[in-house]
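Given the structure is predicted, the values throughout are model-derived calculations rather than measurements.
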Amino acid sequence: MIALPKFYITTPIYYVNDKPHVGHAYTTVAADVLARWHRLKGDATFFLTGTDEHGEKAEIAAEKAGKSPKEFVDGIVSEYKRVWEALNISYDGFIRTSDPAHEETVAKAIEKIYANGDIYKGFYEGWYCIPDETFWTELQLKDGKCPECGRDVKLLKEESYFFKLSKYQDRLLKLYNDNKDFLSPKARAKEILNRVKDGLKDISITRTTIKWGVTFPLDKKHTLYVWVDALFNYISALGWPEGQKFKEFWPADVHLVGKEINWFHSVIWPALLLSAGIEPPKKVFAHGWWTSSGRQMRKSFGNVIDPVLMAEKYSLDAFRYTLLKTMPLGEDGDFSEDGLKTRLNNELVAELGNLLNRTVTIAAGFDGKIEGKPELDACLNVKLVDELMERLDTHGALEAIFSYIKIANKYVNDKEPWKLKGAELGNVLYNLLEAVRIISILVSPFMPGSSEKINAQIGAEPGNLGDCVFRPFNGKVVKGEHLFRKMP
RNA sequence: AGCGAGGUAGGGUAGUCUGGAGUGCCCGUCGGGCUCAUAACCCGAAGAUCAGUGGUUCAAAUCCACUCCUCGCUACCA
């Protein structure tokens, strides 16, 4: 049987100690764009995001707010959902690690891993900084003191259960070798590869001091460490082991993650899955980080970017476009309002908006037949755009789409339709309107709202990737408002 | 310190694996053209000892060695 094309993409689940900033927005918008692209292709698509709600930090934050952990995280979760709605995120599933169903899944998976002989009881030893309430490894210490605050640290020992990560070194290396794209992008791959080659240590997966989390099923005194429980969200959301969605969508095609959590997703997660007898995901892609106006984003610098504010001020699609156009997914980049404004004015207004506007203006004053021979189809390379998107090169895909927009703009200049009339003008308009219709489809994953506006003005239905070919134009042009407004 | 990535015009990048004229792209700057369009659109120009040194070669941004600089990762703070 030939498997139907399917696409399962995930964002990390976001930790609930603060409201979403541009970093969260970036990952989520990028995943949204990829999910929408696959829907255009007709793939059965499942796009998962969610929240990571357990652990000490959430517990403490709740206490400070005078709420129970559950009450507290409920509040943050609705904030996340509000932001995702504002950013037009088309998620299919929203997983919360405090859902009882998730907790049951985790417990079941842990039991399988235990049954496989990969969990044992031991002692966790670490250097503990009491004022910071943080454990450090020997390597992290700075001159034998806490690297964060410089104060003395104490060697503490506590009972803990361990996962035999060391046992999976060879199988992980085989996984990386058999699936060259598993570790993505390439620049990050070697980082992981070399560390795995250097050898893996077993990892402590439980704590006795924390209550807000999933109870360790084999010893109720212990609570699972929050990241262990968090990783399993990707399968609990699909109803592992028997759920229909799990059968349809697992393994994940892409886990999109920030580079700070690459280790967990590229090493620990597949090892846990292998141990539980579950197929590992196909790809873990670690994207880059944003600086803001040249500096690290920090509250104390006053340069933290609020995604909703940006969307309100400059239009949502200009913001989404800027996130994906500024740098390739794997790289770091700088976010600035000036940069956003420049892109809005010079690319969205001047290239895309202007193409639509001039086309529609000329078409509105034309009463002949809009028909002709395709002339603008040869320079359109939908296949290239698709290949770039398959490689998660959203940046390159946008460049390819916009280079086509430029060609269409140049076509207007070359043909000087304002000097033409009759069939000649009908032919030029035919080419422009078909180009605009196709461009609208191609940009729709990036800028869904703008795509709808374009369709309204040229009287086109929303299309899919198969519609990106020249055919008789049967829309009805209704000139509307400017697609984007220029900002001073 | 170990491991990794990178240093190409004012900024950002592609090209490096598989050597062959500094070739390309985006933004910015300057000049011209056009006028359907949101002072827009089109064309053109300026601008680079391709981090440095040494080597291999007929030929090096590209291969080799060394040096300098920047950034990331180093596991149980999600």
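- A/R358 has its CZ atom 12 Å from the P atom of B/rA40, to the nearest Å.
- In this structure B/rG44 sits in a base pair with B/rC30, meeting the Watson-Crick or G-U test at under 3.5 Å.
- Using a 4.0 Å heavy-atom cutoff across all strands shown, A/K486 reaches at least one base atom of the nucleic acid.
- For the C1' atom pair drawn from B/rC17 and B/rA21, the interatomic distance equals 22 Å after rounding to whole Å.
- Nearest nucleotide to the side chain of A/T342, out of B/rC76, B/rC3, B/rG28: B/rG28.
- A/G199 comes within 4.0 angstrom of a base, heavy atoms only.
- Here B/rU49 sits opposite no nucleotide as a Watson-Crick or G-U wobble pair (both hydrogen-bonding atom distances under 3.5 Å).
- When distances are taken from the side chain of A/R207 to each of B/rC36, B/rC76, B/rC25, the shortest belongs to B/rC76.
- Taking only side-chain atoms of A/T361, from C-beta outward, the nucleotide of B/rC27, B/rA37, B/rC76 with the closest atom is B/rA37.
- B/rG44 and B/rG4 have their C1' atoms separated by 43 Å, given to the nearest Å.
- The phosphate of B/rC26 has neither OP1 nor OP2 within less than 4.0 Å of any side-chain N or O from A/K325.
- Counting non-hydrogen atoms under 4.0 angstrom, A/V349 reaches a base of the nucleic acid.
- Shown here, B/rU16 forms no base pair; nothing in the strands shown gives a Watson-Crick or G-U wobble contact with both key distances under 3.5 Å.
- Between the CD atom of A/E347 and the P atom of B/rC26 there is a distance of 10 Å, given to the nearest Å.
- Nucleic acid contact for A/F484: base, since at least one base atom lies under 4.0 Å from a heavy atom of the residue.
- Within the 4.0 angstrom heavy-atom criterion, no nucleotide atom of any strand lies near A/V267.
- Looking at A/Y234 and A/H265, their side chains do bring a donor and an acceptor atom within 3.5 Å of each other.
- The base-pairing partner of B/rU70, taking Watson-Crick or G-U wobble contacts with both distances under 3.5 Å, is B/rA5.
- Between A/D393 atom CG and B/rC25 atom P there is a gap of 18 Å when expressed in whole angstrom units.
- B/rA61 is unpaired under the Watson-Crick or G-U wobble criterion, no partner having all donor-acceptor distances under 3.5 Å.
- The closest side-chain heavy-atom distance from A/S236 to A/V106 is not below 4.5 Å.
- For A/W418, counting side-chain heavy atoms from C-beta on, the closest listed nucleotide (B/rA75, B/rU35, B/rC42) is B/rU35.
- Here the CD1 atom belonging to A/I401 is positioned 10.0 Å from the OG1 atom belonging to A/T394, to the nearest 0.5 angstrom.
- Atom pair A/F163:CZ and B/rA75:P shows a separation of 19 Å (rounding to whole Å applied).
- One can place OH of A/Y411 at 16 Å from C1' of B/rC42, the figure rounded to the nearest angstrom.
- Nucleic acid contact class of A/A350 (heavy atoms, under 4.0 Å, all strands): sugar-phosphate only.
- An OP1 or OP2 oxygen of B/rC26 is reached within less than 4.0 angstrom by a side-chain nitrogen or oxygen of A/K406.
- Spacing of C1' atoms, B/rC69 relative to B/rC30, comes out at 33 Å, to the nearest Å.
- Figure legend: A/K421 and A/F366 shown without cation-pi pairing, the cationic atom not lying both under 6.0 angstrom from the six-membered ring centre and within 45 degrees of its axis.
- A/L483 comes within 4.0 angstrom of a base, heavy atoms only.
- The P atoms of B/rA61 and B/rU16 are separated by 14 Å, rounded to the nearest whole Å.
- Note that CG of A/L356 is 10.0 Å distant from CZ of A/F484, once rounded to the nearest 0.5 Å.
- The C1' atoms of B/rA9 and B/rA46 are separated by 10 Å, rounded to the nearest whole Å.
- Between A/L398 atom CG and B/rU13 atom P the separation is 17 Å, expressed in whole Å.
- A distance of 6.0 Å or more separates the ring centres of A/F163 and A/Y114.
- Residue A/N431 contributes atom CG, which lies 17 Å from atom C1' of B/rC36 at whole-angstrom precision.
- Of the residues near RNA chain B, A/E416 and A/N346, the one whose nearest nucleotide (by heavy atom distance) lies more toward the 5' end is A/N346.
- Here A/L200 lies in heavy-atom contact (under 4.0 Å) with a base.
- Of the side-chain N and O atoms in A/K410, one or more sit less than 4.0 angstrom from OP1 or OP2 of B/rC43.
- Rounded to a whole angstrom, the distance from the P atom of B/rG19 to that of B/rU57 is 16 Å.
- Of the C1' atoms belonging to B/rC71 and B/rC27, the separation is 23 Å, rounded to the nearest Å.
- There is a side-chain donor-acceptor pair under 3.5 Å between A/N262 and A/S266.
- When heavy atoms are screened at a 4.0 angstrom cut-off, A/N354 is found touching base atoms of the nucleic acid.
- Comparing the same atom, P, in B/rA65 and in B/rG22 gives a spacing of 24 Å after rounding to whole Å.
- Side-chain contact between A/L348 and A/M447 is present, with at least one heavy-atom pair separated by less than 4.5 Å.
- Contact annotation for A/I203: no contact, since no heavy-atom pair falls under 4.0 Å across all strands.
- Take the nearest nucleotide of RNA chain B for A/R195 and for A/K419: the residue whose nucleotide is more 5' is A/K419.
- For the pair A/N413 CG and B/rC34 P, the interatomic distance rounds to 12 Å; values are reported in whole Å.
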